[in-house]
Amino acid sequence: MRHWLAKTEPESFSWDDLVNAPGKTTCWDGVRNFQVRNFMRDHMRVGDLVLIYHSNADPPAAMGVAEVTREAYPDHTAFDPSHHHFDPKSDPEAPTWLMVDLRAKEALTPVGLPVLRATPGLEQMELLQLGSRLSITPVTPEEWAILMRLGGRRERSPRR
DNA sequence: GCCAACGTTGGC
DNA sequence: GCCAACGTTGGC
């Protein structure tokens with residue numbers, strides 16, 4: 001199982017929107033970057049966990065954990081001329097753009113960007129690199145563990 | 001609103 | 001294939 005971080009602008013689609021969606025599930029449409037498409041196509045699998053992050057927000061923050069419930073399939077919004085994400089070059093017979101389905105799994109205590117930047121062990125996170133703009137990025141298991149602790153998720157019950 | 005960083009486009 | 005111009009992202 002892999003871990004990921006997905007950015008979204010809460011003005012257009014927020015963590016709460018995901019929680020309130022039918023089945024707490026949505027198709028993650030609108031990816032128009034080849035590197036991110038390839039992540040989805042080649043590496044995102046059902047059961048992978050995804051940290052949902054609010055970008056262009058005040059404050060920018062990690063909000064909660066979602067789960068991949070459907071692997072990459074064609075992003076139909078690319079075929080719809082009336083849609084904001086329309087791409088005339090994407091042929092329905094050979095779709096350029098893909099999306100996955102995500103389901104909200106667990107809300108976190110929001111973790112703001114300044115905290116992320118100040119936390120030892122997260123220095124190499126893709127999100128925090130200068131000029132990083134990919135909307136979905138891989139997260140290492142070590143980073144994930146730190147992020148879950150920052151988000152207030154309890155450790156597994158200790159042995160006695 | 002500013003601006004740095006990055007991807008894409010298109011002339012050549 | 002180079003690279004300047006342009007559009008977008010996203011923190012501040």
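Side chains included, hydrogens not; waters and symmetry mates left out as well; all remaining heavy atoms used. So you know, we letter chains A, B, ... as the sequences are listed, proteins then strands, and number each from 1.
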Q: Please state whether the phosphate of C:dT9, meaning OP1 or OP2, lies under 4.0 angstrom from any side-chain nitrogen or oxygen of A:Lys7.
A: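 False: A:Lys7 side-chain N/O out of range (4.0 Å or more) of C:dT9 OP1/OP2.
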Check: Taking OP1 and OP2 of C:dG11, is either one under 4.0 Å from a side-chain nitrogen or oxygen of A:Tyr53?
Finding: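 Indeed, a polar side-chain atom of A:Tyr53 lies that close.
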[N] [atom2] sits how many Å from [X] [atom1], rounded?
X	N	atom1	atom2	value
A:His85	C:dT8	NE2	P	12 Å
A:Leu127	B:dC6	CG	C1'	15 Å
A:Phe13	C:dT9	CZ	P	17 Å
A:Leu128	C:dG10	CG	P	13 Å
A:Gln129	B:dG7	CD	P	14 Å
A:Arg133	B:dG7	CZ	C1'	6 Å
A:Glu9	C:dT8	CD	P	12 Å
A:Glu126	C:dT9	CD	C1'	14 Å

Looking only at heavy atoms, what is the nearest atom pair of A:Val100 and A:Ala72, with distance?
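What the structure gives for the nearest pair is CG1-N, 3.7 Å.
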- Task: Take atom CD of A:Glu123 as the centre, draw a 6.0 Å sphere, and report whether it contains more than 12 heavy atoms from other residues, nucleotides or ligands.
- Result: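 Correct, the count exceeds 12.
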- Any idea which of B:dT8, C:dG11, B:dA5 is nearest the A:Arg117 side chain?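 Output: C:dG11.
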* Output the single nucleotide from C:dG11, B:dG7, B:dA5 whose closest atom is nearest the side chain of A:Leu113. =>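 That would be C:dG11.
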TODO: For residues A:Phe39 and A:Trp4, establish whether the separation of their ring centroids is below 6.0 Å.
DONE: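 For A:Phe39 and A:Trp4, the ring centres are under 6.0 Å apart.
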Discussion item. Taking the six-membered ring for Trp, are A:Phe34 and A:Trp97 closer than 6.0 Å centroid to centroid?
Written reply: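 Yes.
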